[in-house]
Amino acid sequence: MKTHICIAATFFLCSTTLFQAQEQDSITSTTEKKIDEVVMVGTRAAPRSSVSTPLPIDNIDASVIQSSGHNSVGQALQYRIPSFNSTSAAVQDATSLLDPFEIRNLGSSRTLILINGKRKNQSSLIFTQNTIGKGETGADLSSIPPIAIKKIEILRDGASAQYGSDAIAGVINVILKDKINFTEINTNLGLYSKGDGFSQNLSVITGSTFKNGGFITFSTNLQNNDYAYRSGKVNAYWEAQTFGADQSVVDAYLTEYPDAQNKNASPKKSSISFLINTSIPLSESTNIYANASFATKKVNSFANHRAPYWVDPANVLNAPAGFTPSFIGDLTDYGGTFGYKTKTASEWIVDLSATFGGNKILYTVGNTFNAALGTSSPINFKPGGFRFNNIVGNLDVSRRFSEHFALAFGSEARREEYEIYAGDPASYFQTGAISFPGSLPENSGTFSRYNIGAYVDAAFDISDATSFNATARFENYSDFGNALIWKISARQNIIGKKLVLRGSVSTGFKAPTLQQVYLSTVQNVFSNGKVVAEGLFNNVGKEAKAIGIPKLDAEKSLNFTLGLGIQPNKNFLITVDGYLINVYDRILLSSRMNDKATILDPLAKIGVNNITSASFFINGVDTRTIGLDIVANYKNIHWLSGKFGLNLAMNMNHSRITKSSDKLNGLNLVAPFNRTEEALATTSRPALKTVLGIDYTIKNWNISLNNTLFGKAIFANSGMPGANLAWNDPIADQQSYLRFDPRITTDIMFSYMINDKNTVNFGVLNVFNILPKWKLLRMPADKTYDEIYNTVTFNGRYPQSSYDAQHFSIFGTQFVLGYSLKF
């Protein structure tokens with residue numbers, strides 16, 4: 001389906017050369033372009049001849065990724081798009097494989113990822129530790145070679161009515177490069193100011209076009225990141241208190257190893273990805289198209305070092321100074337689309353496509369042992385892994401009947417499959433491998449479901465100044481039932497195209513993922529500094545039935561947006577968009593519940609008695625998110641012999657829980673959703689994020705200065721006073737919080753075009769070495785500052801980030817150098 005994003009006064013420009021606004025007078029009508037030139041996320045109807053849609057959408061040109069200095073799509077967007085957040089977790093293990101991302105602080109599972117307008121597969125990984133992204137899963141953005149990207153469209157509005165599940169917060173549409181007749185090679189190097197974290201990146205893209213208008217492109221990306229260590233100094237007194245160890249033993253150990261040999265590190269990553277994109281016209285009105293991608297990644301990281309006063313490694317590892325369990329994750333992600341698109345004699349555009357995709361993760365843990373096996377224990381284990389794949393069929397039909405009316409309708413059928421791989425027997429026997437026990441055979445297996453949906457979308461251009469859009473969608477899932485949703489949006493020019501009013505109201509839904517429905521595992525985690533066994537049980541097993549946990553149902557949402565666009569001339573632009581998002585029956589991973597009467601005793605009756613707590617995915621709470629997006633840009637400011645571009649973008653966001661979900665009525669669970677979970681779901685992302693950019697081009701030079709303000713973020717780390725209280729518990733004097741203060745990071749990048757084939761880039765990210773800074777709030781009278789500080793930092797091991805999370809990177813200044821050859 002031919003599509004194009006055309007938005008009056010809504011172009012997010014981080015620099016003149018990075019975010020290229022599409023000028024209103026350059027947009028041509030439907031009849032003046034071929035049907036395969038553009039993709040759109042705002043509506044499924046055929047594009048209007050007028051230039052604007054009533055929705056806030058960011059258009060990010062490919063150059064923002066290539067010239068940002070960041071070697072991943074997620075990090076490039078993190079420092080350019082205020083409503084987008086993606087941060088690595090301090091804790092490693094499986095969390096090192098992917099960085100959770102989100103729009104408007106609503107979790108990655110509520111942002112739908114599209115590739116050329118088609119749904120991308122989810123990752124098989126779901127985050128289960130007390131870090132940002134807990135209970136979430138989403139697509140792996142890092143599997144797409146950045147050099148293959150033409151642009152990225154971010155629809156900052158609920159779009160479930162257009163695209164189905166997962167689009168409550170918005171849609172990220174990655175549009176691939178096409179129609180190129182050159183080869184480009186990019187090499188990039190990076191190094192942190194501490195001399196570690198050396199990264200190397202090589203990207204290549206090549207392509208050809210055909211005489212009949214077709215094309216084919218190939219791209220690849222090879223990347224390697226070495227370790228970057230940021231270990232803290234462990235507090236000897238609280239270390240001894242935490243583990244009940246002899247103070248003199250701890251003192252002696254920490255005198256020799258002040259960091260307790262803990263490896264708080266950015267993991268070592270090696271990856272390679274490939275992508276092909278093609279379109280072959282069969283006639284002037286018909287073409288077939290396809291794209292396919294494959295990516296593989298190996299991640300090496302560490303669990304916390306096991307000091308000798310934690311465990312006795314004698315006769316197994318023969319490590320008198322303790323041991324550091326290692327963790328390796330092998331990830332494979334693949335996907336592709338094949339489609340047929342035609343424009344009939346009666347002007348109907350028919351798009352028939354099939355999309356497939358999958359993600360597989362296998363784990364290896366080493367330098368550890370299973371204490372229950374004694375001297376016969378191996379020191380390397382295969383604890384299992386996960387696989388997810390889907391097959392999606394789409395039929396989309398659209399027609400513009402006149403300059404005033406367009407209609408679209410279509411259907412989607414999808415089959416999903418999720419597999420949990422059992423670990424080797426030694427990895428799960430009794431207590432399991434220290435640091436990462438294997439998956440039990442009874443918790444493993446293959447699970448599947450299907451759904452089918454249908455939608456209709458009508459676009460009305462009442463006049464050049466007024467447009468209206470209405471969409472409705474029906475979905476049927478084999479595991480939870482039906483969903484009927486709708487969306488209405490409108491745009492009104494007030495003073496020509498210089499002042500535009502726009503808004504929308506919609507309902508949405510997010511189906512429970514197969515990962516949330518079927519995942520069961522027992523993990524070794526830290527609680528108040530001690531290693532304990534925590535059970536995570538699915539909603540369809542005996543454990544859930546014993547306690548009375550209901551099966552998961554779909555989330556539902558109600559979204560409102562209202563905004564203004566102001567563009568007095570072609571060089572100056574301001575947009576202001578407010579939003580309100582109510583999410584009902586939100587699916588979250590519950591607290592680690594340990595009440596004896598309601599949790600542990602019922603589990604013991606069915607033979608589950610080797611755990612200290614249990615958690616479940618539940619329809620836990622209703623939430624409300626209120627926010628405001630502001631974008632201002634002034635370009636083509638002449639100074640000396642060059643041009644300036646100034647831009648400011650801001651997102652203000654406030655989320656809160658309004659009440660517990662009605663799905664939990666009748667259950668007598670004690671704090672199924674505590675203050676730790678409340679903070680992770682609502683306040684763990686910056687309440688204010690602002691990007692201020694300056695871009696200057698003179699002759700062959702381009703200089704970009706980018707400042708990113710990360711506002712305050714609130715955590716209630718596990719183990720802090722009051723963190724285990726229910727989210728709505730009124731006992732305020734027992735509560736303690738962790739507040740990350742506002743911080744500003746500055747990036748500066750230089751680009752010099754030697755000639756039309758050779759370009760060199762160099763720069764500094766986080767020039768002033770700004771690191772997260774936090775404070776403790778609401779100190780209980782019976783606790784000392786040091787006591788809570790050492791709980792938050794795991795006795796000083798994670799002083800910059802806290803043990804659970806942080807609101808931006810802890811690794812400081814990074815130097816980057818790049819070279820591009822085009823021929």
Side-chain angles (χ1 to χ4, degrees), residues 90-93 129-130 229-265 301-327 365-381 429-437 522-534 592 610-613 717-720 783-804:
V91 180
Q92 297 299 311
D93 293 341
Q129 298 194 17
N130 282 337
Y229 298 102
R230 297 295 182 271
S231 299
K233 185 178 180 180
V234 177
N235 183 292
Y237 173 79
W238 288 108
E239 185 81 347
Q241 294 294 310
T242 297
F243 296 100
D246 184 272
Q247 187 69 59
S248 61
V249 172
V250 175
D251 288 340
Y253 185 80
L254 295 179
T255 297
E256 185 172 1
Y257 308 108
D259 61 1
Q261 299 194 79
N262 192 59
K263 296 180 178 180
N264 177 20
S301 62
F302 305 99
N304 287 285
H305 181 80
R306 267 57 179 176
Y309 46 81
W310 291 23
V311 294
D312 180 12
N315 301 320
V316 178
L317 291 175
N318 192 25
F323 61 97
T324 304
S326 63
F327 176 88
V365 294
N367 199 41
T368 187
F369 63 96
N370 185 331
L373 293 174
T375 57
S376 64
S377 173
I379 62 173
N380 297 300
F381 303 85
F429 178 74
Q430 291 188 10
T431 56
I434 291 174
S435 84
F436 204 91
V522 176
Q523 293 181 303
N524 290 336
V525 299
F526 286 93
S527 180
N528 295 324
K530 296 183 180 180
V531 183
V532 295
E534 308 274 9
R592 294 162 179 165
N610 61 336
I611 62 168
T612 58
S613 67
N717 286 54
S718 177
M720 293 178 67
K783 302 290 183 181
T784 67
Y785 179 91
D786 285 346
E787 183 177 359
I788 301 178
Y789 173 90
N790 286 285
T791 296
V792 168
T793 65
F794 193 3
N795 299 332
R797 286 173 174 81
Y798 301 87
Q800 291 296 335
S801 60
S802 89
Y803 178 65
D804 286 342

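Positions are given from 1 along the sequence.
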Participant: Say whether, by atom type as modelled, one donor and one acceptor occur between the side chain of Asn235 and the main chain of Gly796 under 3.5 angstrom.
Facilitator: no

Participant: How long is the straight-line distance from OG of Ser435 back to CG of Asn367, given to the nearest 0.5 Å?
Facilitator: 9.5 Å

Participant: Would you name the heavy atoms of Asn370 and Thr431 that are closest together and state the gap between them?
Facilitator: OD1-OG1, 3.3 Å

Participant: Nearest 0.5 angstrom please: Asn262 CG to Tyr229 OH, how far?
Facilitator: 11.0 Å

Participant: Could you please spell out the steps behind the ring-ring contact (aromatic ring centres under 6.0 Å, His included) verdict for Phe302 and Phe327?
Facilitator: CA-CA 5 Å; Phe302 305 99; Phe327 176 88; over 10 Å; no

Participant: So does Ala236 get a backbone contact from the side chain of Gln247, meaning a donor-acceptor N/O pair under 3.5 Å?
Facilitator: yes

Participant: What are the two closest heavy atoms between Arg797 and Ala260, and how far apart are they?
Facilitator: NH2-CB, 3.8 Å

Participant: State, with a plain yes or no, whether a side-chain heavy atom of Asn130 is found less than 4.5 Å away from one of Arg592.
Facilitator: yes

Participant: Under the criterion side-chain contact (heavy atoms from CB on, under 4.5 Å), I'd like the reasoning laid out for Val792 against Met720: C-alpha separation, chi angles, the key distance, then a yes or no.
Facilitator: CA-CA 7 Å; Val792 168; Met720 293 178 67; 3.7 Å; yes

Participant: Any donor and acceptor pair, going by atom type alone, linking the side chain of Tyr253 with main-chain N or O of Ser248 inside 3.5 Å?
Facilitator: no

Participant: Going by the angle between their ring planes, with limits at 30° and 60°, are Phe794 and Tyr798 parallel, tilted or perpendicular?
Facilitator: parallel

Participant: Of the non-hydrogen atoms in Ser718 and Thr791, which two are nearest, and what is the gap between them?
Facilitator: O-CG2, 4.1 Å

Participant: Give the minimum heavy-atom separation between Val365 and Thr368, together with the two atoms involved.
Facilitator: CG2-CG2, 4.4 Å

Participant: Please name the pair of heavy atoms, one in Arg306 and one in Asn304, separated by the smallest distance, quoted to 0.1 Å.
Facilitator: NH1-O, 2.8 Å

Participant: Say you draw a straight line from NZ of Lys233 to CG of Asp259; how long is it, rounded to the nearest 0.5 Å?
Facilitator: 10.5 Å

Participant: What pair of heavy atoms forms the shortest contact from Leu254 to Glu239, and how long is it?
Facilitator: CD1-CB, 4.5 Å

Participant: Hey, what do you get for CH2 (Trp310) to CZ (Phe243), rounding to the nearest 0.5 Å?
Facilitator: 4.0 Å

Participant: How long is the gap from OH on Tyr237 to CG on Asp786, to the nearest 0.5 Å?
Facilitator: 10.0 Å

Participant: Mind checking whether Phe369 and Phe323 have parallel, tilted or perpendicular rings, split at 30° and 60°?
Facilitator: tilted

Participant: Any chance you could measure Gln430, atom CD, to Leu373, atom CG, to the nearest 0.5 Å?
Facilitator: 7.5 Å

